[in-house]
Amino acid sequence: PGLPLLLRSGALAAWLHADAIHPHASLVTPELLRRARARGLALNTWGTESASATVNEPMRITSLYRSGVNAIIGDDPEALLRAASRAWKL
């Protein structure tokens with residue numbers, strides 16, 4: 001959140017020859033997802049609005065997957081799998 005917009009937007013990804021961007025979960029918006037897709041970038045996210053460094057809340061995981069992120073970095077594999085199953089209705 002304290003970074004300049006240029007660094008948060010993913011606009012430099014092509015110049016850097018990046019394949020993906022990895023924004024904090026609080027920065028994942030429909031607009032950022034749209035811009036990432038338009039540039040052919042995967043969007044992988046991490047972190048929560050709380051003090052945790054990874055995404056562990058089941059409802060937040062489900063919400064992020066349904067929003068279209070490619071991957072979520074977390075430290076509870078079972079919670080990630082359960083939430084992904086709900087999101088993808090596996």
Side-chain angles (χ1 to χ4, degrees):
L3 293 173
L5 178 61
L6 184 63
L7 295 178
R8 291 184 283 132
S9 70
L12 294 177
W15 184 73
L16 295 170
H17 303 283
D19 295 319
I21 57 174
H22 310 282
H24 188 273
S26 65
L27 299 175
V28 176
T29 64
E31 176 62 16
L32 181 60
L33 282 159
R34 185 194 64 72
R35 288 194 317 254
R37 297 291 177 265
R39 291 180 172 90
L41 297 169
L43 193 148
N44 308 317
T45 191
W46 60 278
T48 64
E49 288 73 20
S50 68
S52 175
T54 58
V55 179
N56 293 312
E57 295 86 16
M59 296 306 292
R60 182 64 173 143
I61 295 167
T62 301
S63 172
L64 285 165
Y65 273 128
R66 286 183 176 159
S67 75
V69 301
N70 295 89
I72 298 173
I73 300 165
D75 58 9
D76 185 345
E78 291 298 322
L80 289 167
L81 182 59
R82 283 191 304 273
S85 294
R86 280 193 303 276
W88 299 327
K89 298 181 185 188
L90 297 177

Pairwise distance CG(N44) to CD1(I73) - rounded to 0.5 angstrom: 6.0 Å
Taking atom CZ of R39 and atom CG of D19, what is their separation to the nearest 0.5 Å? 14.5 Å
Can you tell me how far the CG atom of L43 sits from the CG atom of L27, to the nearest 0.5 Å? 10.0 Å
Please report the shortest heavy-atom distance between S67 and L33, naming the atom on each side. O-CD1, 3.2 Å
For A42 and N70, the nearest pair of non-hydrogen atoms, with its separation, is CA-OD1, 3.3 Å
Check: T45 side chain, P23 main-chain N or O, donor-acceptor pair, under 3.5 Å: yes
Taking every non-hydrogen atom, the tightest pair across P58 and A83: O-CB, 3.7 Å
Roughly how far apart are E57 CD and D76 CG, rounded to 0.5 Å? 10.5 Å
Value for CG (L81) from CZ (R86), rounded to nearest 0.5 Å, stands at 10.0 Å
Rounded to the nearest 0.5 angstrom, the OH-CG distance for Y65 and L80 is 5.5 Å
Give the minimum heavy-atom separation between L41 and A20, together with the two atoms involved. CD2-N, 3.9 Å
Taking all non-hydrogen atoms of both residues into account, name the closest pair between I72 and V69 and its distance. CG1-CG2, 3.9 Å
Would you find more than 12 non-hydrogen atoms of other residues, nucleotides or ligands less than 6.0 Å from E78 atom CD? no
